[in-house]
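Sending over a structure as C-alpha cells; questions will come in a sec.
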2 protein chains.
Amino acid sequence: MDALTELSSSFAGRILTDPSDMEPFLRDWRGQWTGAARAVLQPENVEDVAAAVRWCSANGVSIVPQGGNTGLSGGATPDASGNSIVLSLARMKRVRSVDLANDTITVDAGCILAEIQTAASEAGRFFPLSLAAEGSCTIGGNLATNAGGTAVLRYGNIRELCLGLEVVTAQGEIWDGLRGLRKDNSGYDLRDLFIASEGTLGIITGAVLRLFPQPSARVAAFAALGSPADAVALLKDARNALGSMLTAFELVSSTSLDMVVEHLPGRRSPFEGESPWYVLLEISDLGPEERARELLETILANAFEKSWVSDAVVASSVAQSRALWELREAISEAQAAAGKAIKHDVALPISAIPSFLDAADKAVHALDPTARLVTFGHLGDGNLHYNLSPPHGDDGTALAGLLSAMNQAVHDIVVDLGGTFSAEHGLGQLRAGEAARYKSPVELDLMRRIKSALDPENLMNPGKVFV
Amino acid sequence: MDALTELSSSFAGRILTDPSDMEPFLRDWRGQWTGAARAVLQPENVEDVAAAVRWCSANGVSIVPQGGNTGLSGGATPDASGNSIVLSLARMKRVRSVDLANDTITVDAGCILAEIQTAASEAGRFFPLSLAAEGSCTIGGNLATNAGGTAVLRYGNIRELCLGLEVVTAQGEIWDGLRGLRKDNSGYDLRDLFIASEGTLGIITGAVLRLFPQPSARVAAFAALGSPADAVALLKDARNALGSMLTAFELVSSTSLDMVVEHLPGRRSPFEGESPWYVLLEISDLGPEERARELLETILANAFEKSWVSDAVVASSVAQSRALWELREAISEAQAAAGKAIKHDVALPISAIPSFLDAADKAVHALDPTARLVTFGHLGDGNLHYNLSPPHGDDGTALAGLLSAMNQAVHDIVVDLGGTFSAEHGLGQLRAGEAARYKSPVELDLMRRIKSALDPENLMNPGKVFV
C-alpha cells in the first residue's frame with residue numbers, strides 16, 4: 001500500500017483527492033494565487049491533525065493549513081509543486097466551553113468568527129474581534145495572522161484577546177496550552193510565538209479567548225476635516241477625553257468617499273459640501289446612550305472651535321450609526337468596481353501619519369500622476385490601507401504594471417518613518433519578499449533560527465513568511 | 001594581556017572586580033541566594049552591552065543581567081561557579097523620547113519604574129504599571145519577568161503595555177525592534193518571546209511603552225464578604241457594570257488583615273466586626289469623581305441585597321482611598337514580621353478560585369494543622385499570593401522544613417485546576433524545578449528548542465527558567 005493510499009484509508013470520509021473536489025481549496029478567494037496539492041484533508045479533531053502532520057513528516061510532504069480561505073496575502077494557498085497537502089480545519093467548529101466567571105470561551109480553530117460572536121452574545125457577553133470577512137473567516141486563521149479589524153483601538157488585536165492555544169507541532173505532537181489565565185510567567189511565551197506565525201511553526205487547533213461586557217451604548221459620528229494633521233489632533237483629544245470609550249477612529253479620504261457614492265447605489269455623503277478628509281468615530285459604553293452622545297458632541301464642538309473639524313454629524317439612532325459605518329466599510333467594494341487597484345496595508349507611529357501621506361502621495365504621483373489615492377483605514381491604530389486606483393474609465397492595466405515600483409516607493413517611506421509594510425493582513429506569499437528586503441539581518445536571523453528549531457524539515461507552510 | 005584585563009581596560013570606569021564592590025550584586029535583596037562572578041559590568045549604552053556579550057561569548061563566560069535586583073525568584077543572582085559576569089543595566093536610565101501623538105515613551109532598560117511613571121505624568125500622560133518595588137525596580141527587569149502588579153485588570157501585564165524592544169542577542173548583535181506600532185504582522189513575534197524570558201535568550205536594553213490618559217477619578221472601596229465564592233460573584237457583577245472602569249479587585253483574608261493590624265502601628269480595620277474575607281475594589285475614570293463613587297455605591301448596594309457583601313465602605317477622599325490601599329499593600333511587611341513564611345504566586349481561572357482554596361487549605365492543614373493561611377492577591381486577574389505563616393510565637397523554622405511538601409501540595413492542586421505555579425514573579429532559580437516537574441514534555445521540548453536556537457552556547461543567564 002503506498003503512502004497516499006494509506007492516508008486515504010485512515011482519513012476515509014475526510015480526504016479529497018479528486019481535482020474538481022480539491023479545486024476550491026487550491027486558490028484564494030480573489031483568484032490571485034493558485035497551487036497544487038496531493039490531497040485536501042478535513043480533520044475533525046486535534047488527533048486527526050496530529051496524525052496528518054505525522055504522515056506528512058514521515059513522507060516528506062509539506063502541509064498548508066487553511067481556515068475560511070479569506071486571506072488577502074496568499075498564506076493559505078499551496079505552492080505549485082504539488083508536494084503539499086492542504087489541511088482544512090473547517091470541520092473543527094465546536095465551541096468547547098464558555099466560562100462566565102472567568103469571562104472566557106474555548107473554541108476549535110475552525111469556528112467561524114461570526115459564530116463565536118454569536119455564542120458570546122447568547123451567553124450575555126461580547127467578543128469584540130470584528131472584520132469584513134467575519135461571516136466566513138475562521139478563528140484559527142485570525143490567530144495565525146494576528147487579525148486586527150475595527151475594534152483594535154479599544155480591545156487590541158486578537159493577540160490581546162487570546163489567553164491560551166492548542167497547537168499541533170511540526171513533530172505531530174499536541175501542545176496543550178489551553179490555559180484561561182491572565183497571568184502566567186512559567187516559561188517562554190509560546191502562545192504569542194504561534195500567533196501570527198501563519199502556520200509556519202505549527203498548526204493552531206484551539207484557543208481560549210477573552211470575553212467582555214456587552215456595550216449598552218454605541219454611537220458613531222462622521223466629521224469633515226481639512227488634513228490628516230487635523231485628524232491626528234482630534235484623535236489625541238478624543239483619546240484623552242474618552243479613554244477606552246473610544247472604540248473606533250477611522251480615516252476616510254474624499255476620494256474614497258466619492259468612490260463609494262459613485263459606485264454603490266443608495267450611498268450618499270452625510271454632508272452637503274466637499275471636504276478633503278473625513279473621520280468616523282465611535283463611542284461604546286456600558287452607561288446610557290444619551291451620555292455617550294453628549295460626550296461625542298462635546299468633543300466635536302471643541303474640535304470645531306479649534307478649526308480641526310469643519311462639519312460633523314452624530315448618529316441619533318443605531319440605524320444612523322450603521323449607515324455611517326456602511327460608508328466606511330463599502331470602500332473596498334467600491335474600489336473593486338473602479339478598476340484593478342494596488343493595495344498597501346501599512347502601519348506607522350500615529351505621529352508620523354501626516355508626514356507619511358505627504359511623502360507617499362508625492363512618490364506615487366511621480367510614478368503615475370493619474371493614479372487615484374484611495375487612502376483610508378484605522379487611524380486610531382496607525383494602520384492605513386493606502387490604496388491606488390486607476391483614473392476614471394481606465395481598467396487599471398497600466399497601473400498594475402507599476403505594482404513593484406509603487407510597493408517599493410510606498411514601503412521605503414513607511415520603513416524610513418519607523419513603520420511596517422504588513423500591519424494586519426500577514427505576510428503570506430504577498431509580502432514575504434518585503435520582509436526579506438526590509439527587515440534587518442539580525443531580525444531575519446532570529447526568525448530563521450526559530451523556524452529551523454521548531455520545523456527543521458521546513459514542512460510547515462513553506463514559501464510563506466520567508467521567501 | 002589576559003581576557004579579564006582586556007575587559008577591564010575596555011570597560012574602564014564601568015567594571016567592578018573587587019569582592020566588596022561586587023558583593024551587593026551577587027545576592028538578592030532578601031538574602032535568599034548568593035553567587036559569585038568574575039566581574040560586574042556597568043554598561044552605559046547598548047553598544048557596551050553588545051561588547052560585553054561578545055567578550056563573554058569569546059571567552060565562554062556566562063552572563064547574568066541585573067536591573068534593580070528586586071526580584072523574588074533569584075533570576076538576577078549568578079550561580080556559585082564564579083564563571084559569570086553580572087551585567088548591571090542600572091546606569092542605562094535615559095528616557096529616550098516621549099511621543100504624545102502616538103501615546104508612547106521610549107526608555108532605556110535601566111530606568112526605574114517610578115521614574116517612568118513620573119516622566120509620563122510630567123508629559124500629562126499615565127503609565128499604569130505599578131507594583132511594590134516601583135521605587136527601585138527597573139523596566140528591563142519588569143520586561144524580563146513580564147511584571148504584573150495592581151493594574152493588570154484594566155491595563156494588562158507589561159507585555160500588553162510594550163510595543164517594541166531593543167535587545168542584544170546571545171551573539172552580541174543589536175536587534176532594533178523599537179517600533180511604536182499598534183499593528184505589525186511582519187514576522188515572528190520576537191518582542192513577546194524576549195518578554196518573560198528572564199535574560200535567558202538575550203538582554204533587553206530598551207523599550208517603547210504605551211501611555212494612557214491620566215484618570216481624573218480614582219475611588220476605592222473595601223467590602224466584607226463571607227466566602228471566596230461571594231467575591232467571585234461580586235467580581236463578575238462589577239466587571240459587567242463597570243467594564244474597564246474597574247481597575248483593581250483585590251482579595252484579602254481576615255488572617256491577612258489581622259496580621260496587618262497586629263504588626264503595623266496605626267493600621268486598623270475599616271469595620272467594627274470580623275468577617276472571613278474582604279475585597280478592595282477600585283474604580284478609575286476620566287469623568288467626575290462623584291459619578292465614579294455613585295457607580296461603586298450602586299454595585300455594593302446590589303451586592304448587599306444579594307447577600308454577597310455584609311458591610312462596605314466607599315472612600316470619600318483620595319486620602320481615604322490611599323488608606324484602604326495601604327491595608328492591602330502592608331500584608332507582605334506584616335507577614336515578614338510574623339515569622340518565616342512559605343509563599344506561592346499562583347494563578348487560576350477565576351471560576352476555579354473557590355475550589356482551589358477549599359482543596360489547598362485542607363492540603364496545607366493536613367501537613368501542618370497550625371499553619372496560618374495568609375491568602376490575598378489580585379482576584380481580578382485570578383492571581384493569589386497563597387502564603388503560609390507559622391502560628392503566633394513561632395519563628396517558622398518548623399514550617400520552613402515543610403517547604404517542598406507544601407509547594408508540591410499547593411501546586412499539584414493549582415495545576416490540576418488549570419492554573420500556574422508562577423503567575424507574576426517569574427521562574428528564576430526558585431521555580432525552575434516546578435517548571436520541569438509540571439510542564440508537559442511537549443512544552444519543555446518547544447522551550448528547549450528555542451533556547452538552543454537563540455543561545456546555543458547556553459551563556460545567557462544559565463540555571464534560570466531551566467534546571
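No hydrogens, no waters, no symmetry mates; every other heavy atom, side chains included, goes into these values. Every chain is numbered from 1, with letters handed out A, B, ... down the list of sequences.
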Between B/V465, B/L286, B/V232, B/L178, which has the largest tally of heavy atom pairs under 4.5 Å with chain A? B/L286
Region of B/D345 that comes under 4.5 Å of a non-hydrogen atom in chain A: neither
Donor-acceptor under 3.5 Å (B/S422 side chain, A/N185 main chain): yes
Between B/L295, B/L163, B/L100, which shows the greatest number of heavy-atom pairs under 4.5 Å with chain A? B/L100
Could you check, using the six-membered ring where one of them is a Trp, whether B/F466 and A/Y188 have ring centers closer than 6.0 angstrom? yes
Is it the side chain or the backbone of A/A241 that comes within 4.5 Å of chain B heavy atoms, both, or neither? backbone
Relative to chain B, which segment of A/T200 carries a heavy atom at a distance below 4.5 Å: side chain, backbone, both, or neither? both
Region of A/R210 that comes under 4.5 Å of a non-hydrogen atom in chain B: neither
Check this for me: does any side-chain nitrogen of one of B/D189 and A/R159 sit under 4.0 Å from a carboxylate oxygen of the other? yes
Under a 4.5 Å heavy-atom cut-off, does chain B meet the side chain of A/N146, its backbone, both or neither? both
Side chain, backbone, both or neither: which part of A/N383 has an atom under 4.5 Å from a heavy atom of chain B? side chain
Is the closest side-chain donor-acceptor distance between B/S351 and A/N102 under 3.5 Å? no
Donor-acceptor pair, side chain of B/R239 and main chain of A/A101, under 3.5 angstrom: yes
Select one option (side chain, backbone, both, neither) describing which atoms of A/N157 are under 4.5 Å from chain B's heavy atoms. side chain
Can you find a heavy atom in the side chain of A/S244 that is under 4.5 Å from one in the side chain of B/M245? no
Residues in residues 434-444 of chain A near chain B [non-hydrogen atoms, under 4.5 Å]: A/A435, A/K439, A/S440, A/V442, A/E443
Bottom line for B/I353: the part with an atom under 4.5 Å from chain A's heavy atoms is neither
Side chain from CB out, backbone as N, CA, C, O: work out which of these in A/S197 comes under 4.5 Å of a heavy atom of chain B, or both, or neither. both
What part of A/L190 gets closer than 4.5 Å to chain B, counting heavy atoms only: side chain, backbone, both or neither? side chain
Take A/R191 and B/D192 through the side-chain contact (heavy atoms from CB on, under 4.5 Å) test and state the conclusion after the steps. CA-CA 9 Å; A/R191 175 193 66 202; B/D192 283 309; over 6 Å; no
Applying a strict 4.5 Å limit to non-hydrogen atoms, the region of A/L181 in contact with chain B is side chain
Tell me, for A/R448 versus chain B, whether the close heavy atoms (under 4.5 Å) come from the side chain, the backbone, both or neither. neither
Ignoring hydrogens, what is the shortest heavy-atom contact between B/A453 and A/A453? Give both atom names and the distance. CB-CB, 3.6 Å
